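In what follows, every chain begins at residue 1, and chains take the letters A, B, ... in the order their sequences are listed. Predicted model only: the values in this text are computed from it and were never measured. As a basis for the values below, the full set of heavy atoms in this structure was taken, side chains included, without hydrogen atoms, waters or symmetry mates.
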4 protein chains.
Amino acid sequence: MNNRKIPVGILGATGSVGQKFIELLSNHPWFEITELAASERSAGKKYKDAANWFSSSPLPDSVAGLLIKNCEPNLNCKIVFSGLDSDIAGEIEQTFAKAGYIVVSNSKNHRMDKDVPLLVPEINGEHLNLIKYQKYNGGCIVTNPNCSTIGLVLALKPLLDSFGIETVNVVTMQALSGAGYPGVSSLDTIDNVIPFISGEEEKMQTEPLKILGDLNSGEVKFNDIKISAQCNRVSVVDGHTECVQVKLKKKTSTKDIIETWKNFKSEPQRLNLPLAPVNPIYYFDEPKYPQPRIHRNLDKGMAVSVGRLREDSLFDYKFVVLSHNTIRGAAGGAILCAELMKAKGYLD
Amino acid sequence: MNNRKIPVGILGATGSVGQKFIELLSNHPWFEITELAASERSAGKKYKDAANWFSSSPLPDSVAGLLIKNCEPNLNCKIVFSGLDSDIAGEIEQTFAKAGYIVVSNSKNHRMDKDVPLLVPEINGEHLNLIKYQKYNGGCIVTNPNCSTIGLVLALKPLLDSFGIETVNVVTMQALSGAGYPGVSSLDTIDNVIPFISGEEEKMQTEPLKILGDLNSGEVKFNDIKISAQCNRVSVVDGHTECVQVKLKKKTSTKDIIETWKNFKSEPQRLNLPLAPVNPIYYFDEPKYPQPRIHRNLDKGMAVSVGRLREDSLFDYKFVVLSHNTIRGAAGGAILCAELMKAKGYLD
Amino acid sequence: MNNRKIPVGILGATGSVGQKFIELLSNHPWFEITELAASERSAGKKYKDAANWFSSSPLPDSVAGLLIKNCEPNLNCKIVFSGLDSDIAGEIEQTFAKAGYIVVSNSKNHRMDKDVPLLVPEINGEHLNLIKYQKYNGGCIVTNPNCSTIGLVLALKPLLDSFGIETVNVVTMQALSGAGYPGVSSLDTIDNVIPFISGEEEKMQTEPLKILGDLNSGEVKFNDIKISAQCNRVSVVDGHTECVQVKLKKKTSTKDIIETWKNFKSEPQRLNLPLAPVNPIYYFDEPKYPQPRIHRNLDKGMAVSVGRLREDSLFDYKFVVLSHNTIRGAAGGAILCAELMKAKGYLD
Amino acid sequence: MNNRKIPVGILGATGSVGQKFIELLSNHPWFEITELAASERSAGKKYKDAANWFSSSPLPDSVAGLLIKNCEPNLNCKIVFSGLDSDIAGEIEQTFAKAGYIVVSNSKNHRMDKDVPLLVPEINGEHLNLIKYQKYNGGCIVTNPNCSTIGLVLALKPLLDSFGIETVNVVTMQALSGAGYPGVSSLDTIDNVIPFISGEEEKMQTEPLKILGDLNSGEVKFNDIKISAQCNRVSVVDGHTECVQVKLKKKTSTKDIIETWKNFKSEPQRLNLPLAPVNPIYYFDEPKYPQPRIHRNLDKGMAVSVGRLREDSLFDYKFVVLSHNTIRGAAGGAILCAELMKAKGYLD
């Protein structure tokens, strides 16, 4: 019995995040896709007929013939991964949690709820304790941060632990896939930069404070780092590049910071979770690196690439961070959350 | 006699900056291209045979048949515009100045020379006084700043005058044409960002201090603003986009700052110089603006577009600046310098 | 009174073709925009508030404040230019024609109607005679061909006249703007080619036969050239590039064909129509030309660029054709139709 | 002893084809890279120091520390894969063959030599018999076709066998990586198409005739298909897209042609060669497919994707072919040649 895979469902299965969930779960050693749910428009059709599959990995045969259901809590699975649009995700996810499902969501709706973990498994696995304060009967909601937040907090975490952080300044150059499909018009991105992404700067300025906060008698005490974010859309398929500046609490050196990044390992690595990167952070010495097209898929697309660490005249240090926005920053990150939950007994 | 145009020559005429000089000077009311000079390889050939003309404006007939000469000071003209590569520009430009030519250079070599104006006509026209300290017999050297510097200092100047500036933080997303032709490989820029441009950050951190400095008994006292710059190359043909943060000396409001930008006019506007933009700065209220493909050619490509002014938690304000890197930021900016010199009697 | 401009209206004024009409008509010597009409959603708003203006030419002040009306035949103008979507254009255009308006349409709906000219002013101006067979009281409908058809037929016309044409084979690489706004998703075009454009090949295979047909006692006798078309979408903003092969009826030489193209002038040139290109066709000897980014704006975007003429082993000759799809291929072409109508007395 | 891998060397190891050889050979079950050779400039350095590694697969550790040697026939290996530039490949490859090496070359120099196989393992494996007519002592030269030829001939082969082919017309939209690194300037490809690739059309018109020719008493009798090719460069990283038209000798139907493609298997599949695709040809029913970004990596990048088969008015049928130009079309194709040689005993 032990080698039976855990049945999982995907809410919003035809969307771009839903497709990435399917791609990453299709050969997963622990989880098996048994249910796909989407909007009325798709419900009742075979997945291959309803979805405009656009990944370069072929649509898995085991999924192609599955019938899409409505997003109602009568799915035959234990976990649901949610890639729902935020205009409907909030309520549907609650309905599933109340019906006893474990909801792992990539949507923003419940991220800042007091009793909902905003989880990055290498950073704040202990926030899973919040679940016991949730008012759902056996079900629960766990969330994944925004795609531009994840790379940033992973690069910050080792610095926070070793040197303390006072302020963070970040300017992003974000990939097109972050806007979903069809998302951004080609006429807006060819030979162009869009210096605005609605709601994105606010998320980058608040989510890290919860993720990097301390759990204290059932509450997350938000970190008091001051963060300023500026977000831009550039002509890149996948991979968010971020120019980061930090002011630290303790004096250190570029050499020590690089060591700290290279040595960083955490629970997912120790537990050898299937989708955990071997190293959460890779540092590159070549000044022209990291670059999205070259490094986004590093370590299954789950690692963060960092480079160009140098001293800064206004902060202490500046550097460049790159991470895959639809793998580490969305579906892959959410699956890693579920893997951590299983390894820590939350699925028993 | 008064309506005779002033004969001008172009050094490095076949390169990308040289071509832009030709394009912008071809119907100039005051200047007339009489001489083209380039490397040995091109010298002796007709321009149309030697140059790989890649502008979308057709090569002007008056220039197509001109014979390219060597970069030696026997050209029949009064002014030479230099678009030479920096590995040879330094010496050649001095040779021309010594021979009595007025050299207006887009190369970096003499920008930081004590007696050489680093000129942005809307900002520091009085720096032209430095010329009289130059040791050339009748000739002189005047320089134009780096392409990424110009947009920044034009946006800063009205703030400096009205509110004072303590610190400036800037992250750029720079166009491909800034690297010349052939410049950057297409394989490095399609679906990619390069988070490094050699030497660029240093220029952005030092050039503004000279440009915004005060002329005092024959010397420029550098401004003491503290600047930090991070420079990236993105997949855009023309137009550098910059995310800027400033800490001001006086309290103000976004409304007042926008007014200050909109009202900014300076000597080139008052003198009605041919290539002067009607307004040096345009402010856009739409949060998605400015964008390089839409706004780079505004007001003949000589204006700076600004948008997204908002308060910042780490500095006082943040905003986005866009300017055309090969027009305002190179050839057009240099021609405006020469126009200012003429209007102020430096060419008499 | 003679110098009063003719009042014109634009149907579908907020769409991408509508915007191009506004841009090209804003300083027109003969026409003046007095009316803008669009869908219910926009009607009643000022143009600047309703339209997402995305041209790099600033929105003309004279248009920004105009109130948008419904697409109903109570507009105060003589001509309406239609950039309506084809799902509604058919009926609305007829309603306007019946109400006495001169409708110049860029939509496909009435192009193949027996009594409607499918007009390219350099080619088949005499087809305007069809108007008298139209059953509208004083009003009429004149249409402009598909954007990929125009470049092709302009390049073919001189060959047809001089040598006769048996067969034409064409493979296109079409610009993004041809699909309107938002049109094609950026995720479908970055680092990609889409080898399919719905309905496009059929238009290219039939429209030229009507355009190049002879008017005979009130009917167009379609030309019997056999045409095969394959249409692709590539990552280009504006400008359709077409690889063309032709089998001619008479023997000739590349030299003679080039001469024929270079010498081609027609009615719009002789009548000196405002938007007529000086030369309808430019031939380039450099084998790497024409290219969309370099040549699309040639002669106000109204000329066709041709290059690479060479012998072919399967047909007689092959060559490359480039034309601006939203200027010559849409709004500009339609305006030229109206100009020809005025010059020939159809507006009196 | 049997499980010892065969030692192989790479000529031109630092170039773009050389890098692809390293990537594809780094975990090969039969071959092991023991030698890297390149120009004087790189010789003597460790590979990781000499090469500008730009693949998104990390540089294999086993190769990073290898010392680069000169391209002289004292390498410790049995096979050399050549990715040399054509201006030097011809002589060096002969020198190696004379010294007893098996040379598998991706360069064009010896492709049309009478006694040299121009090999596509699924098509003309029997051409390896030509080797015995080569005048080298134990060594030999085998070549791989041009990157744009391979996709075409693979799609044609089943049609030739089943229906016979009279004429082929092909228009390509080729990827940037086909020009090597740095290759094409970003300024030539962003928002652009280049309708010319030097020498490419000639190769596409002649190479298929040899590949599809019959071996007859030690000579290849060229096929007499008439081919016309037009080649364009578009803004795509990897993957050549080709619009193909064919005139067949026998009547057939789209259904039968699709069956013929789907059923096509050949020697590499039967021999289960490591790099052989499971199916050489995949046919897609969706009219928008194949697309380079989605399908180029299908079946390890070794398969050809075909779609849009439909009747044609000038030929019999038209369709779209896509193949990965640096895998199937270069390094991968050459390795498959070596695999076939091993399986057929040519390496014993």
Practice task
Please round to the nearest 0.5 Å and tell me the distance separating atom OH of C:Tyr181 and atom CG of A:Asp188.
Solution key: 3.5 Å

Exercise for the section: Could you tell me whether C:Lys300 atom NZ has more than 12 heavy atoms of other residues or ligands within 6.0 Å of it? Expected result: yes

Practice task
Check whether A:Ser177 gets within reach of chain C through its side chain, its backbone, both or neither, counting any heavy atom under 4.5 Å.
Solution key: both

Problem - Residues which pass salt bridge (charged side-chain N to carboxylate O under 4.0 Å, His left out) with C:Glu23, listed by chain and number, not counting sequence neighbours - result: C:Lys20

Exercise for the section: Flag the pair A:Thr189 / C:Ile190 as yes when at least one side-chain heavy-atom distance between them is below 4.5 Å, and no otherwise. Expected result: no

Handout entry: Atom CG of C:Asn27 with >12 non-hydrogen neighbours under 6.0 angstrom
Key = no

Handout entry: Point-to-point distance, once rounded to the nearest 0.5 Å, from CD1 of C:Ile194 to OG of A:Ser186
Key = 8.0 Å

Practice task
Could you check which of A:Val236, A:Asp191, A:Leu187 has the highest count of heavy-atom pairs closer than 4.5 Å to chain C?
Solution key: A:Leu187

Practice task
Look up atom OG in C:Ser185 and atom CG in A:Leu176, then write down how far apart they are to the nearest 0.5 Å.
Solution key: 8.0 Å

Practice task
For each of A:Ser235, A:Gly183, A:Ala179, tally heavy-atom pairs with chain C at distances under 4.5 Å, and name the one with the top tally.
Solution key: A:Ser235

